[in-house]
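This report refers to the structure that appears directly beneath it.
Given the structure is predicted, the values throughout are model-derived calculations rather than measurements.
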Amino acid sequence: MKNNRTVHEVAFRLNYDLITQMEPQLKQLDRKLAPLQLRAMRQIWFNTETTLLDIVMTLKRDKGQVTRLVDELCTLEMVKKIKNPNDGRSKLLKLTQQGRAFFESIEKIELSFSDQLKKGISEKELNMFFSVSDKLSENIRNMAVLTE
């Protein structure tokens, strides 16, 4: 029988499987945040010099939408804006103590889940997966630029 698998079919299945398996654990958290809010928080978590423009570029959303998203995170006391010492025209985004505690909970869930996902996969296979995934992601981003 001919193998009719496509990259996007496998990516959709993997995404669906990840969401359905992680969702019950994430629902146990005291806050329910939208996926874009979590992506914005992840960027702030990993980058100490994050600005609104950085999140706009990462999420590939318009500035108004990202401003509303960040303002909502500020209202929820998950993120705060502080003066940017390198540029008086912009603010740096930081996780609040509550935001850090929330994201630490997410990191624990994801780390445990990641360990289960990697069972039976060698370091070499995992590195190949990351390499191919990065190339696929770059190709998708390049396609988006061409269609704008």
Side-chain angles (χ1 to χ4, degrees), residues 1-81 90-148:
M1 180 175 183
K2 185 177 176 182
N3 185 352
N4 293 328
R5 295 174 65 184
T6 63
V7 172
H8 66 275
E9 181 268 328
V10 173
F12 283 136
R13 188 187 73 229
L14 182 60
N15 183 54
Y16 177 79
D17 290 346
L18 284 168
I19 290 169
T20 57
Q21 291 299 313
M22 286 186 70
E23 197 168 31
Q25 294 177 47
L26 293 173
K27 281 185 176 181
Q28 294 177 15
L29 298 174
D30 62 343
R31 297 264 184 183
K32 309 293 184 262
L33 298 180
L36 284 178
Q37 290 173 315
L38 292 174
R39 287 187 61 206
M41 286 184 70
R42 180 173 304 284
Q43 179 162 352
I44 297 166
W45 172 265
F46 285 111
N47 184 354
T48 59
E49 299 290 315
T50 301
T51 64
L52 185 69
L53 185 57
D54 294 326
I55 294 179
V56 165
M57 293 171 62
T58 297
L59 297 181
K60 299 199 181 322
R61 297 291 196 265
D62 67 75
K63 188 175 179 184
Q65 183 180 7
V66 174
T67 298
R68 288 186 296 278
L69 180 144
V70 168
D71 287 347
E72 187 174 338
L73 288 171
C74 290
T75 299
L76 294 170
E77 298 181 353
M78 302 296 266
V79 171
K80 62 184 174 183
K81 299 175 185 176
S90 71
K91 303 270 188 206
L92 294 178
L93 303 173
K94 302 286 183 188
L95 295 182
T96 62
Q97 184 175 350
Q98 183 177 336
R100 283 190 307 276
F102 176 78
F103 218 79
E104 285 172 3
S105 297
I106 288 177
E107 286 286 293
K108 286 178 187 171
I109 290 169
E110 289 179 349
L111 181 62
S112 170
F113 195 74
S114 179
D115 289 343
Q116 294 173 43
L117 280 174
K118 295 186 292 186
K119 282 184 182 175
I121 300 173
S122 71
E123 194 69 30
K124 182 179 178 182
E125 290 171 317
L126 198 55
N127 287 333
M128 179 62 75
F129 170 77
F130 290 143
S131 176
V132 170
S133 296
D134 289 343
K135 288 176 185 175
L136 290 169
S137 185
E138 183 180 339
N139 289 342
I140 289 170
R141 287 190 190 111
N142 288 336
M143 288 183 337
V145 169
L146 294 176
T147 60
E148 289 179 352

Minimum side-chain heavy-atom gap [X]-[Y] below 4.5 Å:
X: Asp54; Y: Glu49; result: no
X: Leu69; Y: Leu73; result: yes
X: Met78; Y: Leu33; result: yes
X: Leu36; Y: Val66; result: no
X: Thr51; Y: Lys91; result: no
X: Val56; Y: Asp62; result: no
X: Leu92; Y: Thr50; result: no
X: Gln116; Y: Ser112; result: yes

Heavy-atom donor-acceptor pair, [X] side chain to [Y] backbone, under 3.5 Å:
X: Thr96; Y: Glu77; answer: yes
X: Lys80; Y: Leu95; answer: no
X: Gln43; Y: Ala40; answer: no
X: Asp17; Y: Leu14; answer: no

Would you say the side chains of Ser137 and Asp134 form a donor-acceptor pair under 3.5 Å? no

Worked verdict on Val79 versus Lys94 for side-chain contact (heavy atoms from CB on, under 4.5 Å): CA-CA 6 Å; Val79 171; Lys94 302 286 183 188; over 6 Å; no

Using the salt bridge (Lys or Arg N to Asp or Glu O under 4.0 Å) rule, collect all pairs that involve residues 107-119, keeping only residues at least two apart or in two chains. Arg42-Glu107, Arg42-Glu110

Enter the distance from His8:NE2 to Asn15:CG here, rounded to the nearest 0.5 Å. 13.5 Å

Distance, nearest 0.5 Å, that separates CD1 of Ile55 from CD of Gln65: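 Ile55 atom CD1 to Gln65 atom CD measures 12.5 Å (nearest 0.5 Å).
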
Qualifying side-chain hydrogen bond (donor to acceptor under 3.5 Å, both in side chains) pairs with a residue from residues 123-133, counting only residues at least two apart or across chains: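 Passing the test, one end in residues 123-133: Ser122-Glu125.
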
